[in-house]
Number of protein chains: 2
Amino acid sequence: MTKNTKFRTPDCGLTKVQQMLGGKWKLLLLWYLSEETRRFGEIRRCFPEITEAMLTKQLRELEQDKLIHREVFKVVPPRVEYSLTDLGSKFFPIIEAMYDWGEENLKN
Amino acid sequence: MTKNTKFRTPDCGLTKVQQMLGGKWKLLLLWYLSEETRRFGEIRRCFPEITEAMLTKQLRELEQDKLIHREVFKVVPPRVEYSLTDLGSKFFPIIEAMYDWGEENLKN
DNA sequence: CCGTATCCGGAATGATACTG
DNA sequence: CAGTATCATTCCGGATACGG
């Protein structure tokens, strides 16, 4: 017998994670938001390579997956803040582990 | 100042990890191979949803990234075995953490 | 300031047939 | 058994323009 027969269910945790974080920028965005709450404009300036449309899309997907929280302040000019949810925070150590592994093992 | 200014280098570890594991099946394949060395046919039977062409491609990419080792036995009929490299093994705890996080937090 | 709407190209993935 | 070769398709991400 093998150890990990559990892993082959169609909705196994790993499959879901892969789907949730498949977006090209999601890990980076989560990492950035883990530092502190950020306004939309801050995020945009920090990631100039992402177009606004794409940035909005990825943020909304992260919100739907309950990894980040989006708060709209009804003021003029508008103000929108993004922050990690508890769920997102719980995932953060994994992101750090991936970063560390990458830094340690993928030098060039 | 923010804590993680390091994370925004263009070739930061996290970006590389995302690129390496972006493939739709790579996490699952690594997980599967972490159990033990597998022959091509075994892998194919375990993942019937992946076409042969795609499976070959993803395995070769993992090999190029030095996460898995591919060994060809020159016999008839041919025999090819795949196994994790040391580098791949070092990444395994992260996969487990992702799996656990998914199982714990993404129940429907 | 913080978005949405629309269109588009190319990469990622898939289906099918064939081979040493 | 373990692949290649081709062709089709889907889908992610990008460019650009416009809106409350």
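Naming: A, B, ... by sequence-line order, numbering from 1 per chain. What you see is a predicted model, and the numbers here were worked out from it, not measured in a lab. Heavy-atom basis, side chains included; hydrogens, waters and symmetry copies ignored.
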Reading DNA chain D from 5' to 3', where do the contacts with chain A start and stop? Cut-off is 4.0 Å to heavy atoms.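 Using the under 4.0 Å cut-off, the span is D/dG13 to D/dG20.
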
With a 3.5 Å distance limit and no angle check, can you tell me whether B/Glu71 reaches the backbone of B/Val80 through a side-chain donor-acceptor pair?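 Side chain of B/Glu71 to backbone of B/Val80: no pair is present.
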
May I ask you to decide if A/Leu67's main-chain N or O and A/Thr85's side chain share a donor-acceptor pair within less than 3.5 Å?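 Such a contact is found between A/Thr85 side chain and A/Leu67 backbone.
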
What is the ring orientation for B/Trp31 with B/Tyr99, classed by angle as parallel under 30°, tilted 30 to 60°, or perpendicular over 60°?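 If you compare the ring of B/Trp31 with that of B/Tyr99, the planes turn out tilted.
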
Any idea how B/Tyr82 and B/Phe40 line up, ring-wise: parallel (<30°), tilted (30 to 60°), or perpendicular (>60°)?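 Answer is tilted, since the angle falls between 30° and 60°.
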
Please classify the nucleic acid contact of A/Arg44 as base, sugar-phosphate, or nothing, using heavy-atom distances under 4.0 Å.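 Here A/Arg44 touches no strand at all.
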
To the nearest angstrom, how far is [X] atom [atom1] from [N] atom [atom2]?
X	N	atom1	atom2	result
B/Phe47	C/dG14	CZ	C1'	17 Å
B/Trp25	C/dT13	CH2	P	9 Å
A/Glu81	C/dG3	CD	P	11 Å
A/Ile43	C/dC1	CD1	P	14 Å

Considering only NZ, NE, NH1 and NH2 on the basic side and carboxylate oxygens on the acidic side, decide whether B/Arg70 and B/Glu81 come within less than 4.0 Å.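 A salt bridge is absent here (no side-chain N lies under 4.0 Å from a carboxylate O).
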
Counting only non-hydrogen atoms, which of residues 54-75 of chain A are less than 4.0 Å from DNA chain C?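 Close to the strand are A/Thr56, A/Arg60, A/Arg70.
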
Check for me, please, whether B/Phe73 and B/Leu33 land in the same ILVMFWY cluster - side-chain distances under 4.5 Å, paths through other members count.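 B/Phe73 does not cluster with B/Leu33.
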
From the options B/Arg38, B/Arg44, B/Arg45, B/Arg39, select the one residue that forms a salt bridge (charged side-chain N to carboxylate O under 4.0 Å, His left out) with B/Glu42.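 The single option meeting the salt bridge (charged side-chain N to carboxylate O under 4.0 Å, His left out) with B/Glu42 is B/Arg38.
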
Between C/dG20, C/dC2, C/dA15, spot the one nearest the side chain of A/Glu52, thanks.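 So the nucleotide nearest the side chain must be C/dC2.
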
Kindly write out the residues that satisfy salt bridge (charged side-chain N to carboxylate O under 4.0 Å, His left out) with B/Glu63, not counting sequence neighbours, or none if the list is empty.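 Scan of B/Glu63 (salt bridge (charged side-chain N to carboxylate O under 4.0 Å, His left out), adjacent residues dropped) gives none.
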
